[in-house]
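The chains referred to below are lettered A, B, ... by the order of the sequence lines, with proteins before strands, and numbering in each begins at 1. Computed over heavy atoms, backbone and side chain alike; hydrogens, waters and symmetry mates excluded.
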Amino acid sequence: METFQSLLAKKLSEALANAGLPAAGELTPASDPRFGDYQTNAALVLGKQRGENPRALAEQIVAQFEAGDACELLVVAGAGFINFTLRPEAVAQKTMELLRDDRLGVAETRSPRRIVIDFGSPNVAKPMHVGHIRSTVLGDALARIAQFLGHDVIRDNHIGDWGTQFGMVIYGWKNLLDRGALQRNPLAEIVRIYKETNQRANDHPTVREACRQELVRLQAGDKENNDIWNECVALSMQDFEHVYKLLDVHYDLQCGESFYHDRLPGVVERLLQSGIAEISEGAVVVFFPDDPELADRPLIIRKRDGGFNYATTDLATVDYRVNDLKADSIWYVVGAPQTLHFKQIFQIARREGYATDLCHIVFGSILGEDRKLMKTRSGENVPLRDLLEEACKRARKIIEEKNPQLSEDEKTDIAEKIGIGAVKYADLSQYRMTDYIFSWEKMLSLHGNTAPYLQNAYVRIRSIFRKAGEAAIATSLGGVGKKTGHRPVATELTLTHPAEINLAKRLCQFAEVVPQVMNDFRPNILTNYLFELANSFHTFYEACPVLKSDEPARSSRLALCDLSARVLQRGLGLLGIKVPERM
RNA sequence: GUGCCUGUAGCUCAACCGGAUAGAGCUUCUGACUUCGGAUCAGAAGGUUGGGGGUUCGAAUCCCUCCAGGCACGCCA
């Protein structure tokens, strides 16, 4: 199914060819409703290139344009813009097609790629905290969207399970562990022994050295230490799984740092042999003399003491994803502080001759109300689990106020959908580069650009169908025109009220918006669209009675409701947000 | 010191990689209902896009410079 945008773009390029002009400019949604639905700046661009009058060029283009029945006569406006207004009949026709389409008009990509998405990446022996929200939520949303667009997506959780912190954890395990506490709350106990060991190590060099020895033994394959390590990983994973279940996030692969352990010597060896790396001050280092930005920022891939660091691991990871997973693209959804690190890693990969598209998807931090990095009152990271449970608790409180007659089970289920949805949406609705300020009040508000507002639009539609009964649902879901037995049903969609036409146009845009998210990894384009859709729906809902109206308006309006609900559900679903039937 | 990112209404944020009079929400003010869920809708007010230069038909967007904040800069991850 073709979108209006691509249809008009095609017709525009035909018109340009017929007018003897080269392709130029672009066709975009109109910047203002007064200018119609779409606009092009082709004549302006050509006018500049050829030194001709843009308005005259615009007239030439318009004269060659074969509008078909999609849009009204074109209008030349301003300095030489060409404006396109869709005909309501064409919009109605397209809406009918969307009703019958499971994909709601969204085309699959013509060039599917295998994309490894690296996101989340929590650390073993540390609870997940707010710092993991953005990577996890953004990565999951991008994975869902890329997959929906037809890409072969591999979600990989690059867990931090092999760092120097394990020396301390093992030391603490052997010297400080409280078995009872471990039974009651495993991760809390691991964190406690880690922190306490860290403190001791800072005070006593002998403890520090003992930790180092534990690490060496672990990496040398010592059985006792490996057993401890295995148990720590398993216990941490249980905590991660709990959070992932709440968030409805899953991975195809969880290759943590330890997975690459055996490959590190080979990586260093190869880079030394190819001359990309060299020995410097006893360490193995890569220099980047050809890149001005990296010229005086070398990267160490093997320490003077022979140990490897996480740069080495990341290089091994690239190798694995390129050679074993056969990735066409690798996306790293990792915070801004690591920008330099990834530039270095990517540069090395290029020098090694990898053609894979490597991309660091950067995002800003989450700040507290004080505009500083979000922390608890005592200055610690806020555990993600607590935060998500708090979100559900607050959502539930609102539900109790608004809709106390719901059953306990329903309340719990709805509170989870709203609470988790609100947290995710607050994150995704913002441009990913900017830091954002975390606010319960804002994200759980029923007003404005929030998940609950969109969920509520969906709920109101479902309410209409509950009231209308099964017949109406069957009508609408099956496409307009099916006989229901007890009520005459329109066979065509008729759009007369401006609010109807506006809503239908909006619904047609879904297929244009979804692929655009991939342009620069910006789910907030989709959230903006969904917010506008919900607005358009509410305007329509206010102005156009559905169930009380006569045919053919009734069927048409039910169809618009049905399609609105499906687009909201699908759109939110692509962001990893669920919709309740009531709230 | 060097590099990267950010700076838009009182507040929180948009603006589709140069387009038309910079848009929403929150807040404030004014209207609409014995509601298909008012958990809503319609309208008003609110701006020298951090400052200053430059590029051109046209700049929040590109270039230069300054200011402010954040982050990062061989042997942590």
Side-chain angles (χ1 to χ4, degrees), chain A residues 25-26 28-32 34-35 39 41 44-45 47-48 53-54 77-81 83 121 123 160 162-165 257 280-287 292-305 307 309-311 313-314 335-341 343 362 364-365 367 371 373 398 401-403 426 429-431 433-437 439 441-442 445-450 452-453 455-457 459-468 512-513 516-517 519-520 522 524-525 527-529 531-532 535 538-539 541-549 557 561 582-583:
Chain A
E26 50 190 6
T28 59
S31 59
D32 188 299
R34 284 174 299 130
F35 303 138
Q39 64 184 41
N41 59 352
L44 290 163
V45 174
K48 186 175 196 169
N53 182 329
F81 289 97
N83 293 332
S121 310
N123 290 312
W162 200 251
T164 41
Q165 79 268 25
E257 291 168 349
S280 167
E281 296 175 35
V284 179
V285 183
V286 178
F287 293 94
E293 201 186 318
L294 301 178
D296 52 356
R297 286 153 223 261
L299 182 70
I300 290 175
I301 59 173
R302 194 177 70 199
K303 298 187 280 186
R304 198 184 321 198
D305 68 4
N309 52 26
Y310 89 130
T313 306
D314 276 355
Q338 298 200 38
T339 304
L340 173 62
H341 169 73
K343 275 185 181 151
V362 183
S365 320
L367 308 181
R371 290 159 187 281
L373 278 181
I398 298 171
E401 283 169 22
K402 302 284 186 188
N403 228 340
S429 60
Q430 189 140 348
Y431 179 50
M433 283 305 235
T434 54
D435 295 346
Y436 86 88
I437 297 175
S439 159
E441 286 69 33
K442 290 208 165 79
S445 167
L446 290 318
H447 309 281
N449 191 7
T450 64
Y453 174 80
Q455 287 166 325
N456 181 53
V459 164
R460 291 180 91 176
I461 297 171
R462 300 306 303 155
S463 174
I464 290 176
F465 283 108
R466 274 196 298 276
K467 189 149 288 186
E512 297 168 3
V513 169
Q516 216 188 322
V517 173
N519 197 3
D520 192 29
R522 296 171 65 162
N524 71 312
I525 290 175
T527 62
N528 281 350
Y529 165 79
F531 177 59
E532 285 167 3
N535 266 331
H538 276 130
T539 302
Y541 181 91
E542 232 21 73
C544 305
V546 177
L547 298 177
K548 291 173 192 160
S549 59
R557 288 174 181 179
C561 286
R582 303 167 207 268
M583 63 190 276

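- Judged by distance alone, the side chain of A/Asn83 and the main-chain N or O of A/Gln39 form no donor-acceptor pair under 3.5 Å.
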Test side-chain hydrogen bond (donor to acceptor under 3.5 Å, both in side chains) on A/Tyr453 and A/Asn535; report intermediate values, then the result. CA-CA 10 Å; A/Tyr453 174 80; A/Asn535 266 331; 2.9 Å; yes
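- With sequence neighbours excluded, the residues forming a salt bridge (charged side-chain N to carboxylate O under 4.0 Å, His left out) with A/Glu532 are A/Arg506, listed by chain and number.
- By the side chain to side chain donor-acceptor pair (under 3.5 Å) test, A/Asp32 pairs with A/Arg34, sequence neighbours left out.
- Evaluation of the side chain to side chain donor-acceptor pair (under 3.5 Å) rule for A/Tyr436 yields no partner, not counting sequence neighbours.
- Residue A/His538 places at least one side-chain N or O closer than 4.0 Å to OP1 or OP2 of B/rC41.
- Between A/Pro337 and A/Met583, it is A/Met583 whose nearest contact on RNA chain B lies nearer the 5' terminus.
- When the C1' atom is compared between B/rG53 and B/rA59, the two are found 14 Å apart, to the nearest whole Å.
- A straight line from CD of A/Gln338 to P of B/rC5 spans 17 Å, rounded to a whole angstrom.
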Its dot-bracket string being built from Watson-Crick and G-U pairs below 3.5 Å, with | for another strand and [ ] for crossing, RNA chain B has the pattern (((((((..((((.....[...)))).(((((.......))))).....(((((..]....))))))))))))....
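- Between the P atoms of B/rC29 and B/rG19, the separation comes to 38 Å (whole Å).
- Nucleotides B/rG1 and B/rC63, compared at atom C1', are 24 Å apart to the nearest Å.
- Look at the P atom in both B/rC66 and B/rC57: the space between them is 29 Å, to the nearest Å.
- Within the 4.0 angstrom heavy-atom criterion, no nucleotide atom of any strand lies near A/Leu299.
- If you check every strand for non-hydrogen atoms under 4.0 Å, A/Ala283 touches a base.
- For the salt bridge (charged side-chain N to carboxylate O under 4.0 Å, His left out) test, residues two or more places apart in sequence or in another chain that qualify with A/Arg582 are A/Glu410.
- Of the C1' atoms belonging to B/rA22 and B/rG3, the separation is 31 Å, rounded to the nearest Å.
- The distance from atom OH of A/Tyr541 to atom P of B/rC33 is 17 Å, rounded to the nearest whole Å.
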Quick tally for nucleotides 15-31 of chain B: nucleotides whose base has a protein heavy atom under 4.0 Å get B, sugar-phosphate-only ones S, the rest -, giving SB--BBB--SSS-----
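- Distance check: A/Ile464 CD1 to A/Cys561 SG gives 4.0 Å after rounding to the nearest 0.5 Å.
- Between A/His341 and A/Tyr310, the ring planes are parallel. Angles under 30° get that label, and only those over 60° would be called perpendicular.
- Going from atom CG of A/Leu340 over to atom C1' of B/rC76 covers 15 Å, rounded to whole Å.
- Nucleic acid contact for A/Pro545: base, since at least one base atom lies under 4.0 Å from a heavy atom of the residue.
- Between A/Thr434 and the phosphate of B/rA14, there is a side-chain N or O to OP1/OP2 separation shorter than 4.0 Å.
- Evaluation of the side chain to side chain contact (heavy atoms under 4.5 Å, CB included) rule for A/Ala79 yields A/Leu44 as partners, not counting sequence neighbours.
- Within the 4.0 angstrom heavy-atom criterion, base atoms lie near A/Glu281.
- Here, B/rA14 and B/rU8 have their P atoms 10 Å apart, quoted to the whole Å.
- Rounding to whole angstrom units, CZ of residue A/Arg297 and C1' of B/rA72 are separated by 8 Å.
- Annotation: side chain to side chain donor-acceptor pair (under 3.5 Å) contacts of A/Asn449 (sequence neighbours excluded): A/Tyr425.
- A straight line from CG of A/Leu367 to P of B/rC11 spans 16 Å, rounded to a whole angstrom.
- Distance from the side chain of A/Ile437 is smallest for B/rC13 among the nucleotides B/rA72, B/rC13, B/rA77.
- Taking the C1' atom of each, B/rA24 and B/rG70 are spaced 27 Å apart, rounded to whole Å.
- In this structure, A/Tyr453 places its OH atom 20 Å from P of B/rC13, rounding to the nearest Å.
- B/rU55 and B/rA42 have their P atoms separated by 44 Å, given to the nearest Å.
- With sequence neighbours left out, A/Arg302 forms a salt bridge (charged side-chain N to carboxylate O under 4.0 Å, His left out) with no residue at all.
- When rounded to the nearest whole Å, the span between CG of A/Asp435 and C1' of B/rC71 equals 9 Å.
- Nucleic acid contact for A/Lys402: base, since at least one base atom lies under 4.0 Å from a heavy atom of the residue.
- In this structure, CE of A/Met433 is placed 21 Å from P of B/rA60, rounded to the nearest angstrom.
- Contact annotation for A/Val513: no contact, since no heavy-atom pair falls under 4.0 Å across all strands.
- Side-chain proximity of A/Gln430 to the nucleotides B/rC76, B/rA14, B/rU2 is greatest for B/rA14.
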